[in-house]
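Working notes, structure below.
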Amino acid sequence: MSSREEEIQRRTAQSVTRVTKAVFPPTTNHHNTLFGGTALAWMDEVSFIAATRFCRLPLVTVSSDRIDFKHAIPAGSIVELVGTVVQVGNTSLKVAVDVYVENMYDECREHAISGVFSFVAIDEQKRPIPVLPEAAVEVSAGAA
């Protein structure tokens, strides 16, 4: 495994982000389930945090891949959002977000939503920059 691959693996493990929220009426729609736009905003936030923890650079969201709503999330539920870096390019990276729902009074947990968000690292002039500077790879290789 190259030093870059080792550094990606190390940063990926350290950047996994988990956020837990309760679903209350202000976040629900007319079906009394979590509003899809709220779920997307939460997912974008979690993916942004995971991406930032990975590279510690300014980032912008450039796209979201297919979002699959597999299970409705009723009001009164607990949701956990888990963001994990799944792909690292030169100036961009992708973060998968999985959303799990559980009833507040049961131990049942279900996978409810999944999606992937893409980010690009930027400099002060808003131009793309490497998400993994060579200096970080060299430091990681020297520490091994």
Side-chain angles (χ1 to χ4, degrees), residues 1-24 26-29 31 33-104 106-144:
M1 184 181 297
S2 73
S3 58
R4 184 176 199 277
E5 291 168 331
E6 287 176 0
E7 182 64 7
I8 289 171
Q9 198 171 52
R10 183 186 72 79
R11 287 176 181 236
T12 297
Q14 290 181 343
S15 65
V16 172
T17 300
R18 295 174 179 275
V19 173
T20 304
K21 295 189 174 274
V23 179
F24 293 124
T27 62
T28 62
N29 59 26
H31 298 293
T33 59
L34 181 63
F35 180 63
T38 300
L40 288 171
W42 289 354
M43 292 171 75
D44 186 34
E45 181 180 3
V46 168
S47 63
F48 172 79
I49 294 167
T52 300
R53 292 169 91 185
F54 179 90
C55 65
R56 301 293 178 173
L57 295 167
L59 297 161
V60 292
T61 306
V62 294
S63 70
S64 60
D65 292 353
R66 179 181 168 141
I67 307 294
D68 291 315
F69 293 87
K70 302 171 184 178
H71 187 280
I73 299 175
S77 298
I78 296 169
V79 294
E80 181 178 30
L81 299 97
V82 181
T84 307
V85 173
V86 292
Q87 185 177 342
V88 178
N90 182 34
T91 60
S92 65
L93 51 86
K94 290 187 176 194
V95 178
V97 179
D98 292 300
V99 180
Y100 300 91
V101 60
E102 54 188 274
N103 182 296
M104 286 191 187
D106 292 330
E107 291 192 27
C108 179
R109 176 177 155 113
E110 295 183 76
H111 188 207
I113 308 171
S114 61
V116 178
F117 294 78
S118 298
F119 295 88
V120 170
I122 57 171
D123 64 14
E124 296 81 22
Q125 289 76 39
K126 311 288 190 252
R127 292 181 302 217
I129 58 173
V131 293
L132 196 59
E134 288 303 316
V137 173
E138 291 169 10
V139 168
S140 175

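The first residue of the sequence shown is numbered 1, and numbering continues consecutively from there. Here the structure is a predicted model, which means the values were calculated and not measured.
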Can you confirm whether [X] sits close enough to [Y] that some side-chain heavy atom of one is under 4.5 Å from a side-chain heavy atom of the other?
| X | Y | result |
| --- | --- | --- |
| I113 | K70 | no |
| V116 | V97 | no |
| L59 | I122 | no |
| V19 | E80 | no |
| T27 | F35 | no |
| F117 | D44 | yes |
| R53 | T17 | yes |
| V101 | V99 | no |

**Asked** Between E7 and L132, is a side chain to side chain contact (heavy atoms under 4.5 Å, CB included) present by the stated rule, with each step listed?
**Response** CA-CA 9 Å; E7 182 64 7; L132 196 59; 3.8 Å; yes
Which pair of non-hydrogen atoms, one from [X] and one from [Y], has the smallest distance, and what is that distance?
| X | Y | result |
| --- | --- | --- |
| V95 | A50 | CG1-CB, 4.0 Å |
| R4 | G89 | NH2-O, 3.1 Å |
| S47 | F119 | OG-CZ, 3.3 Å |
| S114 | D98 | CB-OD1, 3.4 Å |
| C55 | R11 | CA-NH1, 3.6 Å |

I need the [X] [atom1] to [Y] [atom2] distance, nearest 0.5 Å.
| X | Y | atom1 | atom2 | value |
| --- | --- | --- | --- | --- |
| Q87 | S92 | CD | OG | 7.0 Å |
| I8 | S15 | CD1 | OG | 11.0 Å |
| T52 | L93 | OG1 | CG | 8.5 Å |
| T91 | R127 | OG1 | CZ | 13.0 Å |
| H71 | T33 | NE2 | OG1 | 11.0 Å |
| S77 | Y100 | OG | OH | 16.0 Å |

**Prompt:** Would you say E107 has more than 12 foreign heavy atoms packed within less than 6.0 Å of its CD?
**Reply:**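 No, because the 6.0 Å sphere around CD of E107 holds 12 heavy atoms or fewer from other groups.
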**Request:** Decide if atom CD of Q9 counts as having more than 12 heavy atoms of other residues, nucleotides or ligands within a radius under 6.0 Å.
**Result:** no
Between the side chain of [X] and the main-chain N/O of [Y], is any donor-acceptor distance below 3.5 Å?
| X | Y | answer |
| --- | --- | --- |
| D106 | C108 | no |
| E5 | S2 | yes |
| R18 | V82 | no |

**Asked** Looking at residues at least two apart in the chain, or sitting in another chain, which of them share a side-chain contact (heavy atoms from CB on, under 4.5 Å) with A41?
**Response**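 If we apply the side-chain contact (heavy atoms from CB on, under 4.5 Å) test to A41, skipping adjacent residues, there are no hits.
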**Asked** Which is it for K21 and I78 under the side chain to side chain contact (heavy atoms under 4.5 Å, CB included) test, yes or no, and what are the steps along the way?
**Response** CA-CA 6 Å; K21 295 189 174 274; I78 296 169; over 6 Å; no
**Ionic contact status for R10 with E6, cut-off 4.0 Å** = no
**Request:** Evaluate the criterion side chain to side chain contact (heavy atoms under 4.5 Å, CB included) for residue pair V79 and V23; output intermediate values, then yes/no.
**Result:** CA-CA 7 Å; V79 294; V23 179; 3.9 Å; yes
**Message:** Among residues at least two apart in sequence or on other chains, which ones pass ring pair (Phe, Tyr, Trp, His ring centres under 6.0 Å) with F48?
**Reply:**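 Listed in chain order: nothing, the list is empty.
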**Request:** For side chain to side chain contact (heavy atoms under 4.5 Å, CB included), just list the numbers for S63 and D65, CA-CA rounded to whole Å, side-chain angles, deciding distance to a tenth of an Å, and then say yes or no.
**Result:** CA-CA 7 Å; S63 70; D65 292 353; 4.2 Å; yes
